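All remarks here apply to the structure that follows.
In listed order, ligands and their atoms are each counted from 1. Please read all numbers here as calculations on a predicted model, not as lab measurements. Residues take their numbers from the sequence shown, with the count starting at 1. What's counted below: heavy atoms across the whole structure, side chains too, no hydrogens, waters or symmetry copies.
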Amino acid sequence: MAQPRIYSGMQPSSGSLHLGNYIGALQQWRRMQDDYDAFFSIVDLHAITVPQSPEVLREQVRTLAAQYMAGGIDPDRSCLYVQSHVAAHAQLAWLLSTITGFGEASRMTQFKDKTAKGGQEAASVGLFTYPILMAADILLYDADIVPVGDDQKQHVELTRDLAERFNKRFGKTFTVPKPQILADGARIYDLQNPQSKMSKSADTDKGVVWLLDEPTKTAKKIRSAVTDTDGAIRADREAKPGVTNLLEILTAMTGEPVAALEARFEGQGYGAFKTEVADAVVAELAPVRERTLELLADPAELDRLLAANAERAAEVADATLARAMEAMGLR
Ligand code: TYM
């Protein structure tokens, strides 16, 4: 029987992934790629919904491709490609926008968060319709499962609603996908401000661990993480957000469950605990960083791989787009 299909993607909107992207997404993807038929995209069309520089974008696309591979995505097994290389994404997004309610789109919390600072006047229409493009990404590949961090859950719910609505109106066309979100690590928080999720757009990067940070810098950021004065190493999201975040990070790095960590660290101080978290993160990320830098030394090879995989992706996507157009009476 054919393997079920997974689809996911990340934006090339910074020079490096952060630890939240790594735990919430990349690490999950790597673990799933043996058991699923996998498509992983670099969503550059999403990245241009906020102001960006063309040269920087081009570089960040390659850097993200290198990080996917260094993090364990095998481009011979999984289809790793750049969204804008496959024309069907933008085309299906238009079709889906015609069945999306304006109110429905207005309820997307990520748009509200992203426009909280600058106001809606400063936001582009592309930023508003961003979740519809994401729905097109997923539906083009008939994905069964979408492994993402917790902040993307609402977008996957919208994707399900659009797939069901389309199928009902125009006949069975799309597979209705399910999100897959980790129990621990679905949301990694900023080390300095553990009430907010770790994010590319944080005001300062003191609490953000970048995959491509030097290992000494990573260790320092973790050792300086904000905790509390209560002194106990136990998980409590409300009362002890900093310690809880570090526990979840350590679990994601080593697989040791939070309850086992709480028992093992009983009676110990935060110093020893933070050192262990720092060592575990460095042990995991340092080889990924090194491999990324090696891969970036050969940009022609990266471009070749991305071009070959875009052809594989387009074969699947074009067939789905044709089906959707036909269903709507467009062909
Ligand atoms: P993006 O680029 O913001 O984030 C990429 C992935 O990282 C996860 N993530 C986190 N997980 C845990 N803790 C955090 N602090 C954290 N921050 C980010 C995100 O949940 C995501 O899984 N819209 C998507 C990209 C996208 C996509 C898609 C995803 C476009 N098309 C189709 C899946 C399927 C986004 O902006 O992710």
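Contacts with ligand 1 closer than 4.0 Å are made by no heavy atom of Q83, backbone or side chain. Heavy atoms of S8 found under 4.0 angstrom from ligand 1 belong to the backbone as well as the side chain. At a heavy-atom distance under 4.0 Å, only side-chain atoms of V43, from C-beta outward, approach ligand 1. Under 4.0 Å from ligand 1, the heavy atoms of Y130 that appear belong solely to its side chain. Under 4.0 angstrom from ligand 1, there are no non-hydrogen atoms of S199. Contacts with ligand 1 closer than 4.0 Å are made by heavy atoms of both the backbone and the side chain of I188. With a heavy-atom cut-off of 4.0 Å, L133 does not touch ligand 1 at all.
With ligand atoms numbered from 1 in the order given, ligand 1 contributes 11 (N), 12 (C) to contacts under 4.0 Å with heavy atoms of G24. The Y7 neighbourhood of ligand 1 comprises atoms 32 (C), 34 (C), with distances under 4.0 Å to a heavy atom of that residue. Those atoms of ligand 1 that come under 4.0 Å of a heavy atom in M10, given as number and element, are 2 (O), 5 (C), 6 (C). Applying the 4.0 Å criterion to heavy atoms of K200 picks out, from ligand 1, the atoms 2 (O). Annotation for ligand 1: atoms under 4.0 Å from non-hydrogen atoms of A186 are 11 (N), 12 (C), 13 (N).
Heavy-atom separations between Q110 and ligand 1 are all 4.0 Å or longer. Using a 4.0 Å cutoff on heavy atoms, S41 does not count as a contact of ligand 1.
Expressed to the nearest 0.5 Å, how far OH of Y7 lies from CG of L139 amounts to 10.5 Å. Between atom CG of residue D150 and atom CD1 of residue I181 there is a gap of 6.0 Å, rounded to the nearest 0.5 Å. A distance of 10.0 Å separates CG of L211 from CZ of R289, quoted to the nearest 0.5 Å.
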Apply the test side-chain contact (heavy atoms from CB on, under 4.5 Å) to residues W29 and Y36: give CA-CA distance (whole Å), side-chain angles for both, the deciding distance (0.1 Å), then the verdict. CA-CA 10 Å; W29 301 358; Y36 293 87; over 6 Å; no

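By heavy-atom distance, the residue among L17, N21, L19 lying nearest atom 18 (C) of ligand 1 is N21. Residue H46 holds the heavy atom nearest to atom 30 (C) of ligand 1 of all those in H46, Q27, Q11. Among V148, D151, L182, the residue whose heavy atom sits closest to atom 19 (C) of ligand 1 is D151.
Taking the six-membered ring for Trp, H89 and Y141 have ring centres closer than 6.0 Å.
A donor-acceptor pair shorter than 3.5 Å cannot be found between the side chains of S196 and D190. A donor atom on one side chain and an acceptor atom on the other are not found under 3.5 Å apart for E311 and Y81. Side-chain contact, T109 with Q154: a donor N or O sits under 3.5 Å from an acceptor N or O. Between S78 and Q33, the side chains place a donor N or O and an acceptor N or O closer than 3.5 Å (distance only, hydrogens not considered).
With sequence neighbours excluded, no residue satisfies side chain to side chain donor-acceptor pair (under 3.5 Å) with Q60.
For the pair M198 and ligand 1, the shortest N or O to N or O distance falls below 3.5 Å.
If you check which protein heavy atom lies closest to atom 22 (O) of ligand 1, you get G149 N, 3.1 Å.
Among residues at least two apart or in separate chains, side-chain hydrogen bond (donor to acceptor under 3.5 Å, both in side chains) pairs with a member in residues 164-173 are E104-R165.
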